[in-house]
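For the numbers below, each heavy atom of this structure counts, side chains included, while hydrogens, waters and symmetry mates do not.
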Amino acid sequence: MEQSNKENSKRIAKNTLLLYIRLIFTIIVGLFTSRVILATLGVEDYGVYNVVAGFVLMFSFFTSSLGAAISRYLTYELGKGESLRLQHIFSTSVNVQLLLSIAVLVLVEVIGILFVNNKLNIPTDRIYAANWTFQCAIMAFILNLISVPYNAAIIAHERMNAFAYISILEVTLKLAIVYVLYISPIDKLITYSILFVVVGLIIRLVYGIYCRKHFPECHYLPIIDKPMMKEITSFAGWNLIGSAAYLFNTQGVNMAMNIFFGVTVNAARGIATQVESVVRQFVTNFTTALNPQITKSYAVGNMEYMYTLVCRGAKYSYFLMLVFAVPFMFEADIILKLWLDNVPQHTATFLRLTMIGTLCDILGNSTANACWATGKVKKYYLWVGIIGSLVFFISYALFRMGFPAYTSYIVFIIIYSILIFVKLYIIKELIDFPVVMFLKETLCRIFPVTFITFMISSLPYYIMDESVMRLIFTGLISIIVLAGSIYFLGLEKSERVLVFNKLCSIRKNFINK
């Protein structure tokens, strides 16, 4: 068992590295394209795109919920070695997502057109372009929804190299979008929206071809497995509540901001959200590599290893996020000025608060993965959905009372901090999860690391004027302090031994070369 755990840990490390290589390439291209797109579209059109596409993205909780369900069942069967059921699960998943695609298309078309044209605060001369953006966003969403079973199969099989290679193609196509957008004589916003759909279609076809070639179960059979369909839709339905609450609290608040503050604030929020999504991918890549092992450990009854993965997954995710959160907290203004020609008002404030909110949110992600492994998600997502949705309602009420736009971020931070402990309580009941272990090995280790890192990293901010040099100093100091505090305070003795041995091995290999 111990040898198997070591092999699984190596697989997690390898897959994480592949996903990070993919991410670094994506970030480099994304930073460049975002800068050019904002400059080409302008703040107003960028804000229009963000709020209209954001409305459609509110329905992406269907995608994430269905993806989680499919990935869980495929991974569980792989963990148990039940290969005969895999094709039934995949084919049933395709049936579910096709039905869901039709339902979502009808729902979004009926509600969305009325909302975009009558409720959103969009300049009159941009309504036509906004409707083009809306229709293209729907098409991109449906393509993404159709791809869900194929992406879930890749994750279940832990073939993260596929994501790396296909992502290189995707970002290359997005570079082409920037060029075409720059030379296009047609309305820039309409052009950008159409090109985004074309890229989505190409990537969808590539994922489908890869899966059919490498995974036998990814050949569709026209079967209707009613018990399996019921099981998957039930899992996805309860997961839907939690996903809906999160998107309600992000894209829903985005709509509220538009109503109360206009598209300029949407542009600022869009930039902050874009930075957050890029940074969050560093954490997501790690958890994507980790999640299949949590499910497979549960499937074979290896509970101790599962508990360890949950605790360490939360801790490592937090530390990964902290690497980026510290520099952004102190140097958001200069980073944005270096990145963008025209920085919308409030962007730096939104970005700082977004970093804090993300730190609170990711601490509970590994507990969600433990819940997924069991398949018993009803109570978990019911409570997460109810409590999480308070962010939107409280923010909306505060906006009506005259509070500023950044208030919603503070509400998010408070609610999602509370949810950490709610999630722990629920999985304790569900799988007899050792909450004391989580408190001791995760929370009690991240607090001193966070405090020391922020205190020492703040020194350049108070003794130097704003400049690129201060940004460099802050980045270097935060990395050095964070690495040291993680090693001595954030890791257990056994983890420190593993890190030390690995560093010695790297040093030895380097000297021998």
### Message
Within the structure provided, determine whether Met303 and Tyr298 are in side-chain contact (heavy-atom separation under 4.5 Å).
### Response
yes
Donor-acceptor list for residues 410-419 side chains, cut-off 3.5 Å, not counting sequence neighbours:
residue	atom	partner	partner atom	Å
Tyr416	OH	Asn249	ND2	3.2
Ser417	OG	Ile413	O	2.7

Under a 3.5 Å distance rule, please check whether Ser485 uses its side chain to pair with a backbone N or O of Leu482 as donor and acceptor.
yes
Review point. Is a side-chain donor or acceptor of Ser91 paired with a backbone partner of His88 at a separation under 3.5 angstrom?
Key: no
Smallest heavy-atom separation, Val391 atom then Ser408 atom, equals CG1-O, 4.3 Å
Quiz prompt | Sidechain-backbone polar pair: Thr407 side chain, Phe403 backbone, donor-acceptor under 3.5 Å | solution = no
Item to complete: For the pair Lys315 (side chain) and Gly490 (backbone), establish whether a donor and an acceptor sit closer than 3.5 Å, ignoring hydrogens and angles.
Response: yes
> Under the side chain to side chain donor-acceptor pair (under 3.5 Å) criterion, do Glu170 and Tyr165 qualify, and how do the steps go?
Replying inline: CA-CA 9 Å; Glu170 185 174 3; Tyr165 298 142; over 6 Å; no
Cation over ring face, Arg72 and Tyr76, 6.0 Å, 45°
yes
Between Leu430 and Cys371 the two heavy atoms that sit nearest each other are CD2-SG, 3.8 Å
Worksheet item: When you look at Tyr207 and Arg212, which way does the side chain to side chain donor-acceptor pair (under 3.5 Å) test go after all the steps?
Response: CA-CA 9 Å; Tyr207 272 121; Arg212 283 193 292 271; over 6 Å; no
Side chain to side chain donor-acceptor pair (under 3.5 Å) for Thr354 and Glu276? Distances and angles first, verdict last. CA-CA 7 Å; Thr354 294; Glu276 181 225 355; 5.5 Å; no
Check: Taking His219 for the side chain and Pro216 for the main chain, is one N or O donor matched with an acceptor at less than 3.5 Å?
Finding: yes
Q. When you measure from the side chain of Arg204 to the backbone N and O of Leu143, does any donor-acceptor pair fall under 3.5 Å?
A. no
- Go through the steps for Tyr73 and Ser93 under the test side chain to side chain donor-acceptor pair (under 3.5 Å), then give the verdict. CA-CA 10 Å; Tyr73 283 97; Ser93 301; over 6 Å; no
Measuring only between side-chain heavy atoms, which start at C-beta, is Leu336 closer than 4.5 Å to Ile271? yes
Practice problem: Indicate yes or no for a side-chain donor-acceptor contact from Asn254 to the backbone of Arg269 under 3.5 Å, with no hydrogens or angles considered. | Solution: no
- Task: Indicate yes or no: at least one non-hydrogen side-chain atom of Val384 is less than 4.5 angstrom from one of Lys423.
- Result: yes
| said: Checking the side chain of Asn144 only, and the main-chain atoms of Ala140 only, is there a donor and an acceptor separated by less than 3.5 Å? | reply: no
Those residues at least two apart in sequence (or on a different chain) that pass salt bridge (charged side-chain N to carboxylate O under 4.0 Å, His left out) with Arg445 are none
Do Ser457 side-chain atoms and Phe454 backbone N/O form a donor-acceptor pair below 3.5 Å? no
Tell me whether Glu495 contacts the main-chain N or O of Glu492 through its side chain, where contact means a donor paired with an acceptor under 3.5 Å.
yes
